[in-house]
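What follows is a short report on a single structure.
Owing to the predicted nature of the structure, the values given are computational and were not obtained by experimental measurement. In what follows, every heavy atom counts, from backbone to side chain, and hydrogens, waters and symmetry copies are set aside.
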Amino acid sequence: MKAKTFPSGARLAAINGILRMLIHNKGRMGIAELSRMSDSEVDTLLPQVNAATMLKLVKVVGDNISITKLGKDFHINDEAALKKARDLLIEIEPFKTAHALSKKKDKFSTVELAEELERKGIVLDIDKDMNISLLNTMLFHWAIYFSIIDHYGISGYWKEDKNEMR
């Protein structure tokens, strides 16, 4: 079975924007309508929708997208909803492997993470430098925010985040 991989183009701010538009439109709309209203191409919107679906913030049936209770709570920064999203995210690659590495090793680099993911058959981009760049971006946008792992400055290493989720 292929591991679930989080969309590398997904951004938290864009997902929050989708949740907000859904809330203001009775919690449901067509993806084409969402694309038009957000002035986003469907191919730019889909990674956001896929990520929000993986985190159970929205549900997609056919070409309709609707916000879930978790999505509504997440949008208002409900602590339990944020924790639930973190728990879901930690089960999705590359966060799952990054979290496991942080438990196994004192520190690790993005290159080490990329190598570990490659052993599992997970590569975000065939170009090694681009693959590492995408992983770095994902970790900075998601893993730090959700306290999955933390980054230690100039050394460029990732470590376990022992703080409670913000």
Is the distance between the ring centroids of His151 and Tyr157 under 6.0 Å? no
Where is the tightest heavy-atom contact between Gly9 and Pro47, given as atom of each residue plus distance? C-CB, 4.2 Å
Provide the closest heavy-atom pair for Leu139 versus Ala98 in the form atom of the first, atom of the second, distance. CD2-CB, 4.1 Å
Is there a path from Phe146 to Phe140 through hydrophobic residues (I, L, V, M, F, W, Y) whose side chains come within less than 4.5 Å of each other? yes
Under a 3.5 Å distance rule, please check whether Asn131 uses its side chain to pair with a backbone N or O of Leu124 as donor and acceptor. yes
Enumerate the side-chain hydrogen bond (donor to acceptor under 3.5 Å, both in side chains) contacts for residues 46-65, please, sequence neighbours excluded, ordered by first and then second residue. none
Which one of Ile148, Leu113, Asn136 satisfies the side chain to side chain contact (heavy atoms under 4.5 Å, CB included) criterion with Trp158? Asn136
Answer with yes or no whether the side chains of Thr44 and Glu41 bring together a donor and an acceptor at under 3.5 Å. no
Quick check: closest heavy atoms across Tyr145 and His141, and the distance to 0.1 Å? CB-O, 3.9 Å
All heavy atoms of Thr110 vs all of Ile132, minimum pair found to be CG2-O, 3.6 Å
Joint cluster assignment, Val123 & Met138, ILVMFWY side-chain distance < 4.5 Å: no
Side chain of Thr68, backbone of Leu57: donor and acceptor closer than 3.5 Å? yes
Minimum heavy-atom distance between Leu22 and Val58, given as atom pair plus value: CD1-CG1, 3.7 Å
Could you tell me whether a side-chain N or O of Ser102 sits under 3.5 Å from a main-chain N or O of His99, the two making a donor and an acceptor? yes
Do Val60 and Leu70 sit in the same hydrophobic cluster, where Ile, Leu, Val, Met, Phe, Trp and Tyr count as joined when their side-chain heavy atoms come under 4.5 Å apart? yes
Sequence-distant partners of Phe6, ring pair (Phe, Tyr, Trp, His ring centres under 6.0 Å), two or more places apart: Phe95, Trp142
According to side-chain hydrogen bond (donor to acceptor under 3.5 Å, both in side chains), does anything in residues 24-37 pair up with another residue at least two apart or in another chain? List the pairs. none
Quick check for you: to the nearest 0.5 Å, what is the distance between Glu160 atom CD and Phe108 atom CZ? 10.0 Å
Is there a donor-acceptor pair under 3.5 Å between the side chain of Thr137 and the backbone N or O of Ser133? yes
Are the side chain of Asp73 and the backbone N or O of Asp78 linked by a donor-acceptor pair below 3.5 Å? no
Minimal heavy-atom distance between Glu91 and Lys96, with the atoms involved, is O-CD, 3.8 Å
